[in-house]
Amino acid sequence: MSNKSVLKYGLAGAAVLGFAGLVGYGANAANPGNPADLATTADVTIVSTITVTQDRQLRFGQVVKPPTANTATFTVAPGGGMTVGGTGGISNGGQTSGEFSMTGEVGASYTFSTGSIVACTTGGGGTVAPVLSALTDDGQAATLNDTVQVGATLTVTNLTDDGTWDCGFTVSAVYS
Amino acid sequence: MTHRALGLGFAIILCVASLVSPRTGHSQAQVAVPAVMTVLSLITITEDFNLDFGTIVPPSDGTQDFVVGTDDSIAPGVGDGLAVSGHSRGQYDITGTPGETYTLTITAGACSDGALELLSVVSDASIPTILNQLDVHIGGTLRVGASAPQGAHTCNYSISAQY
């Protein structure tokens, strides 16, 4: 092939390549660079802590201890009824079950529980105390806002010192 | 006829014109030039459900970070605040031309109350990110202040996918 023909072929080739380049650029430009964008939100609900309030105190009322070496039990039910067990004990009435109200996110589920018991004390100088045990609640559906009634058993012997005794215990409510 | 097709056609015409310049004794040459292009489908991001931190009790003091994982777990972080219930990871489908790689960008935005801060949003999208990806999960970290008011709140975030 002569120089002239080679040159011509070269130009033709260059032109083709040039336009091929343009075609190529068009194909690249057609390659989507679209970003697909989605704007959305994350949700959160803020609620207050649960508050437990004692509406009514658990009371055993007036109880008479056994006269001799015996043990009597006095059980106040969550509903307020009294059951005397053991031997020789007498209830003179006046008992009430405890009542607690829980507030927080209305309708939220929570778990109610009775906790540790504090030894009974008296301001009358007695040293042989009754014993509080068997805390129990009424098992109501645990959704806020709600109230729960609590009962327990008090064990008294003939050796228990006379007087007014205070027996402490804890209750708790936790979101569940 | 598209511009690209026009261009190719024009290129072909030029090629033929230069070759047919009357020169005796020279043979013609033809060059086949393929037009190459890649056609892709638009990327689509579909939300199955959004990220939800559920019901939270704020800490009594300071701030506390609550983390919803892409595995749908929740970690309440250090503090006396509580993650009560109802959290959920987000879930999305990212579709386009199957087999193509893409860049995924997730950006945390502002919340509806100043006592809340969406610190980060993450995904479990497979790496490298190749379409189509279904059920891409989104998790995040929410900082809750003690003064966060009761009620429903939202925090913005965005998801962007690009070839």
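Protein chains get the first letters and strands the later ones, always in sequence-line order, with residue 1 at the start of each.
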Please classify the contact of Ile94(B) with chain A as side chain, backbone, both or neither, using a heavy-atom distance under 4.5 Å. neither
Which answer fits Tyr102(B), side chain, backbone, both or neither, if we ask what part of it has an atom under 4.5 Å from a heavy atom of chain A? neither
Hydrophobic cluster membership, with links at side-chain heavy-atom distances under 4.5 Å among I/L/V/M/F/W/Y: are Val122(B) and Leu118(B) in one? no
Taking a hydrophobic cluster as the set of Ile, Leu, Val, Met, Phe, Trp and Tyr residues connected by side-chain heavy atoms closer than 4.5 Å, whether directly or through intermediates, do Val52(A) and Val150(A) fall within one such cluster? yes
Say whether Leu104(B) and Ile130(B) are linked into one hydrophobic cluster, either directly or through other cluster members, by side-chain heavy-atom distances under 4.5 angstrom. no
Check whether any side-chain heavy atom of Thr49(A) lies under 4.5 Å from a side-chain heavy atom of Leu82(B), and answer yes or no. no
Can you tell me if CD on Gln54(A) sees more than 12 non-hydrogen neighbours from other groups inside 6.0 Å? yes
Say you draw a straight line from CD of Gln150(B) to OG1 of Thr45(A); how long is it, rounded to the nearest 0.5 Å? 11.0 Å
Taking the side chain as every heavy atom from C-beta outward, state whether Thr40(A) and Tyr157(B) have any pair of such atoms under 4.5 Å apart. yes
Of Ile106(B), Ile45(B), Thr46(B), the residue whose pairing with Leu38(A) passes side chain to side chain contact (heavy atoms under 4.5 Å, CB included): Ile45(B)
So, do Ile159(B) and Asp37(A) sit near enough that their side-chain heavy atoms are less than 4.5 Å apart? no
On a heavy-atom basis, the closest approach of Val57(B) and Ser48(A) is CG2-O, 3.9 Å
Around Asp93(B), counting heavy atoms of other residues, nucleotides and ligands shown, do more than 12 lie under 6.0 Å from its CG? yes
Using the rule that two of Ile, Leu, Val, Met, Phe, Trp, Tyr join whenever any of their side-chain heavy atoms come within less than 4.5 Å, decide whether Phe112(A) and Leu135(A) are in one cluster. yes
Under 4.5 Å between side-chain heavy atoms, counting indirect links through other Ile/Leu/Val/Met/Phe/Trp/Tyr residues: same cluster for Phe60(A) and Val64(A) or not? no
Asn50(B) side chain vs Thr41(A) backbone, donor-acceptor pair below 3.5 Å: yes
Name the region of Ile138(B), side chain, backbone, both or neither, that has any atom closer than 4.5 Å to a heavy atom of chain A. neither
For Val144(B), is it the side chain, the backbone, both or neither that has a heavy atom under 4.5 Å from a heavy atom of chain A? side chain
Which atom pair, heavy atoms only, marks the closest approach of Ala36(A) to Ile43(B)? CB-O, 3.2 Å
Measure the shortest side-chain to side-chain distance between Ile56(B) and Val47(A) over non-hydrogen atoms and say whether it is less than 4.5 angstrom. no
